[in-house]
> 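For reference, the structure I am asking about is given below.
Lettering of chains follows the sequences in order, A, B, ..., and the numbering in each one begins at 1. From a predicted model like this one, the values you see are computed outputs, not experimental measurements.
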Amino acid sequence: MEIQVNLPDGSKRSIEQSATAADLAKSIAQGLYRKAVGAVINGEIRDLFTPLADGDTVKILTPDNPESIELLRHTSAHVMAQAVQNIFPKAKIAIGPTIQDGFYYDFDIPEHALTPEDLDKIEVEMKRIADSNQRLVRFNIPDVDAQLSEFREQGEKYKAELLEEHRDHEPTLYHMQDKDGKTVWNDLCRGPHLPSTNHIKAFKLLKFSGSYWRGDEKKDHLQRIYATAWWTKKDLDDYLLKLEEAEKRDHRKLSKQLDLFSVHDEVGPGLVFWHPNLATVRAVIEDYWRDEHRKRGYDFVFTPHIASEELYKISGHLESYGENMYSAMDIDGMPYRCKPMNCPGHIMIYKTRLRSYRDLPLRFAELGTVYRYERSGVLHGMLRVRGFTQDDSHIFCTPEQLEGEINGILDLIDALMSTFGYTYKAYLATRPEKFIGDIAEWDFATEALRNAAKSRGLECEIDEGGGAFYAPKIDIKLYDAIGREWQGPTVQVDLNLPNRFDVNFIGDDNSRHKVIMIHRAVLGSMERFVGGLIEHYAGAFPLWLAPQQAIVLPIADRHYEHGEKVVKELKEMGMRVKMDTRSETVNYRIREAQVEQVPYMLVVGDKEVAADGAAVRHRREGDLGILNLADIKTKFKEEIDSKKV
RNA sequence: GCCGGUGUAGCUCAAUGGUAGAGCAACGGUUUUGUAAACCGUAGGUUGCGGGUUCGAAUCCCAUCACCGGCUCCA
C-alpha cells in the first residue's frame with residue numbers, strides 16, 4: 001500500500017504507507033535527508049519522524065527555512081535543562097519556551113543561586129550533550145497516572161502540574177537517547193524537536209534572572225536562564241554583535257557621554273531631569289508636534305497637575321487604576337490626587353457648554369504631564385519612569401465621524417513616525433473577555449478602526465481579545481534603526497468615559513446623543529519617545545534635532561573674526577551654533593565635536609577667510625571641502641527643512 | 001514589590017584585611033594649531049548612607065538607599 005502526499009511545489013509523491021517525513025526526505029534526495037531537521041505537515045511544524053498520512057501536504061524543513069530555527073531553539077532548551085540537572089541533581093525543571101532570538105528555561109534549584117560561573121559550566125555541559133548526538137524520540141503517554149506518580153517521585157512537581165492539566169490533550173514525552181538507544185533524560189513536551197542534538201552547534205547562555213512559576217508572584221520563585229541559539233557560528237556572532245551594538249546605544253550610557261538627562265537620589269527614582277541638550281531636542285520635537293496638530297485641526301489645552309479625588313471617582317480611575325495613583329494629599333480637608341491621566345481634564349473642558357453636532361469633531365490636545373506609581377524594580381532610565389509627559393489627545397465626535405477621525409489620526413501617525421525614520425506595524429486589538437459596554441457598540445467601534453486602517457491600505461494584524469476593558473484599539477509597534485521593536489502610537493475608541501461623565505452633543509434631531517471619544521497618543525510619552533530616539537539614532541540626532549547643529553573651529557586666533565561672522569549668520573537663520581575658541585589643536589577640537597555627535601564642523605583658516613566660507617566637515621561623511629557661506633546656509637536650510645534623518 | 005548582581009574622584013576603571021591609585025575630564029601655564037587626543041603642572045575621595053567585627057575595613061557581617069539584569073506591569 002502506498003499513500004500520496006503533496007509537496008510544496010504542487011507536485012504529488014507516492015510513498016509507503018508507514019513512511020515518516022524523514023523517509024519522504026530520503027526518497028526525494030539524500031542531501032535533503034541529511035539536512036532535514038523537521039517538517040511542516042499541513043501547515044504545522046512537526047518532528048522529522050512524524051508518520052505521514054494520505055493527502056498530507058509536507059514540506060521538509062532544513063536550516064535554510066527560517067521557521068526551522070524554532071526547532072533548534074526549543075531542542076536547545078531541553079539540552080540546557082538536561083545540562084542543568086546533570087550539574088545540579090536537585091534542580092527541578094519548569095518550562096522552557098522559545099522567545100524572540102532565543103529561549104529560556106525556568107528551574108527550581110534548591111539551596112543554590114546561579115552565578116556567572118555556573119553559566120560557563122552549563123554551557124560546557126550543553127556542548128558535551130550536543131556533541132554526544134543524543135536522539136530525541138517522541139512517546140505518547142499511555143498511562144497518565146503512572147507518569148504523574150513517576151514525576152512526583154522524582155520531585156518534578158511542575159511537570160506533574162503541567163501533565164495533570166494536559167492529560168486530555170494526548171500528552172507526549174520526549175526521550176533523549178544516547179548512541180546505544182538508552183534514554184538518558186526525558187521531559188514532558190509537546191514538541192516538535194530536532195531529530196538529534198548534533199545540529200546544535202552555535203549557542204550561548206546570556207543571563208539569568210528570577211521568575212515565578214506561571215508568572216505568579218504568589219507561587220514558587222524560580223531561576224530563569226536566558227540563552228540564544230543559531231544554526232551557524234556566524235549567525236550567532238552576528239546576533240551577539242547586535243546585542244553589543246544595542247548596548248552601545250543604551251540611552252543611559254549615551255546620556256552620560258552627551259549630557260542629556262539625569263535622575264537623583266535626593267529627588268527620587270523615576271523622575272527625570274532634562275539637561276539643556278536633551279531639552280533642546282524635546283523643544284524642537286514639541287514645536288514640530290504642535291505644527292502638525294495645528295494643521296490637522298487640533299485645539300491645544302492645558303489642565304492642572306492635581307485634582308480633587310472626586311474627579312477620579314467619577315472617571316473610575318480610582319477604582320480601576322488606583323494602584324498606580326499616588327496617595328491623596330490633603331488640601332483644606334479635601335483629598336487631592338496627582339493626575340495619572342489627562343482624559344478627565346479634557347472632558348471637563350468639553351462639558352463646560354452644550355455642544356452641537358456642528359461643533360464636532362473637537363480635538364483637544366495636550367502635552368500633559370502625569371504621575372503614576374511604578375514598582376521600584378521596573379524603572380528604567382527614561383523609558384520607564386514615574387512622572388512623564390504624554391502627547392495626549394481626546395477627540396469628541398459623532399458616530400458618523402468616527403471612521404474619518406481614525407483615518408486622520410493614522411495619517412498623523414504616519415507623518416510623525418516616518419519623519420523620525422521609524423517603520424511600523426499595526427495591531428487591531430479586539431474585545432477582551434472582560435469588557436464593559438454593549439457588544440453592538442464594540443462591534444461598531446472595532447469596525448471603524450478596521451475600516452479606517454483598510455481605507456489607508458494599512459495592514460492590521462488582529463490581536464484577538466487584546467483590547468482594553470473599555471476600548472478596542474489600534475496599537476502600533478515601531479522598528480528602530482537596528483530592527484528592535486518599540487511600543488508606539490495607540491488609538492482607542494473609549495466606550496466607557498462618555499457614559500461615566502455623561503458626555504453629550506445635540507444632534508440635528510435636536511436631541512441629546514452620547515459623544516464618541518477617541519484617546520490617542522502618537523509619541524506616547526516624551527520621556528519614552530525621546531529615550532527611544534536616543535537609541536534609534538545612537539545619540540547622533542539628525543540636523544534638525546541636534547542640540548548643537550554646527551561648531552565653528554578657527555585654526556588660529558586671527559580667524560576668530562571670520563568665525564564670529566559665520567556663527568552670527570547661521571544663528572540668524574535660527575541655527576544652534578557656537579565657536580570653539582579653546583587653545584587646543586584643531587584635531588583635538590574635531591575629535592571632541594565628533595564624540596559629541598555635532599553634525600557639522602566648520603573649520604575656518606586663511607583659505608576660508610579668503611573664500612568667505614568654511615571647510616565643512618560632516619560627522620559621518622568627513623571633510624566636504626570649502627564652501628562659501630551662502631552655499632553653506634542653503635545646504636543647512638535644506639537639510640533642516642526636510643528634517644532629513 | 002520579588003530574585004540575583006553592582007555601588008571607589010565629574011567619567012571609565014585599579015587596589016581582596018595593612019598609608020585609596022591611574023587615564024580622561026576640570027583648573028593654571030606653555031603652545032597658534034589644517035580634519036578623531038600638543039606639552040608641563042595643580043587640585044580632586046569620610047570608598048552610596050548607617051551600624052557592627054577587628055589592633056586595623058573599600059575589602060568581612062548586618063541594615064538601608066540607589067542602580068543593573070529579569071519577573072510583573074505599562075506611556
> With rounding to whole Å, what would you report as the distance between B:A14 and B:U72 at their P atoms?
33 Å
> Go through the N and O atoms of the side chain of A:T585 and the base of B:A38, and report whether any donor-acceptor pair is under 3.5 Å.
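No, the side chain and the base share no sub-3.5 Å donor-acceptor pair.
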> Select base, sugar-phosphate, or nothing to describe what A:E247 touches, counting heavy atoms under 4.0 Å on all strands.
nothing
> Remember a base hit wins even if backbone is also touched, and classify A:V586 as base, sugar-phosphate or nothing at under 4.0 Å, heavy atoms.
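Contact class for A:V586: sugar-phosphate only.
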> Looking only at side-chain atoms of A:Y226, point me to the closest of B:U72, B:G70, B:A75.
B:G70
> Identify whether any heavy atom of A:D606 sits under 4.0 Å from a base atom; if not, whether one sits that close to sugar-phosphate; answer base, sugar-phosphate or nothing.
base
> Between the base of B:C3 and the side chain of A:Y212, is there a donor and acceptor pair under 3.5 angstrom?
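A donor-acceptor contact between them is absent.
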> If you pin A:R617 and A:R372 to their nearest nucleotides in RNA chain B, which one's is more 5'?
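In this pair, the answer is A:R617.
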> With a 3.5 Å cut-off and just heavy-atom distances, do the side chain of A:E608 and the base of B:G34 make a donor-acceptor pair?
yes
> Whether the side chain of A:N587 and the base of B:U35 hold a donor-acceptor pair under 3.5 Å is what I'd like checked.
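Under the 3.5 Å cut-off, the side chain and the base do not form any donor-acceptor pair.
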> Check every strand shown and say whether A:G524 touches a base, only sugar-phosphate, or nothing at a heavy-atom separation below 4.0 Å.
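The residue A:G524 makes sugar-phosphate contact but no base contact.
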> Using the rule for Phe, Tyr, His and the six-membered ring of Trp, do A:F388 and B:A75 stack at under 5.5 Å and under 30°?
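Yes, the aromatic ring of A:F388 stacks with the base.
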> For atom P, what is the distance between B:A58 and B:G21, given to the nearest Å?
13 Å
> What's the closest nucleotide to the side chain of A:R375 if the choices are B:C71, B:G1, B:U35?
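Selected nucleotide: B:G1.
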> Tell me whether the NZ or CZ atom of A:K92 lies within the 45° cone about the ring axis of A:Y158 and under 6.0 Å from its centre.
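Ring-cation test returns no.
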> Taking Watson-Crick and G-U wobble pairs with both distances under 3.5 Å, convert RNA chain B into its dot-bracket string, 5' to 3', dots for unpaired and | for cross-strand pairs.
(((((((..((((....[..)))).(((((.......))))).....(.(((..]....))).))))))))....
> How far, in whole Å, is B:U8 from B:G50 if one measures between their P atoms?
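Going atom to atom, P in each nucleotide, I get 16 Å.
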> Do A:E527 and A:R372 sit within salt-bridge range, that is, some charged N less than 4.0 Å from a carboxylate O?
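Here A:E527 does not pair with A:R372 in a salt bridge, since their nearest N and O are not under 4.0 Å apart.
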> What integer number of Å spans the P atoms of B:C39 and B:U31?
16 Å
> Could you check whether A:V370 gets within reach of a base, just the sugar-phosphate, or nothing at all, counting any heavy atom under 4.0 Å?
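Nothing, no heavy atom under 4.0 Å.
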> Are A:H251 and A:F261 an aromatic pair, judged by ring center distance below 6.0 Å?
yes
> Do you know which of A:Y479, A:F420, A:Y422 makes ring-ring contact (aromatic ring centres under 6.0 Å, His included) with A:H536?
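It is A:Y422, the one option of A:Y479, A:F420, A:Y422 that forms the ring-ring contact (aromatic ring centres under 6.0 Å, His included) with A:H536.
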> Please pick, from B:G4, B:C3, B:U33, the nucleotide with the shortest atom-to-atom distance to any side-chain atom of A:R558.
B:U33
> For the pair made of CD in A:E374 and P in B:C71, what is the distance, rounded to whole Å?
15 Å
> Just do the salt bridge (charged side-chain N to carboxylate O under 4.0 Å, His left out) check on A:K578 and A:E596 with the steps written out, would you?
CA-CA 14 Å; A:K578 66 180 182 192; A:E596 282 167 14; 5.3 Å; no
> List for me each residue that meets side-chain hydrogen bond (donor to acceptor under 3.5 Å, both in side chains) alongside A:E374, sequence neighbours excluded, and say none if there are none.
A:R384
> Record whether the side chain of A:S583 comes under 3.5 Å of the base of B:U31 through a donor-acceptor pair of N or O atoms.
yes
> Between B:G29 and B:C13, how many Å separate the two P atoms, rounded to a whole number?
33 Å
> So what does A:A615 hit on the nucleic acid, given a heavy-atom distance under 4.0 Å: a base, only sugar-phosphate, or nothing?
base
> Could you check which of B:G69, B:U32, B:G1 has an atom nearest any side-chain atom of A:H380?
B:G69
> Quick one: label A:Q390 by what it contacts on the DNA or RNA (base, sugar-phosphate, nothing), any heavy atom closer than 4.0 Å.
sugar-phosphate
> Salt bridge (charged side-chain N to carboxylate O under 4.0 Å, His left out) between A:K425 and A:E485: does it pass, once the steps are laid out?
CA-CA 10 Å; A:K425 231 179 183 169; A:E485 195 178 287; over 6 Å; no
> Give me the distance, rounded to whole Å, that separates B:C2 from B:C73 when you measure between the C1' atoms they each carry.
14 Å
> Checking only heavy atoms, does the side chain of A:R252 share a donor-acceptor pair with the base of B:C67 at less than 3.5 Å?
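There is none.
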> What about the rings of A:Y105 and A:F107, do their centers lie closer together than 6.0 Å?
yes
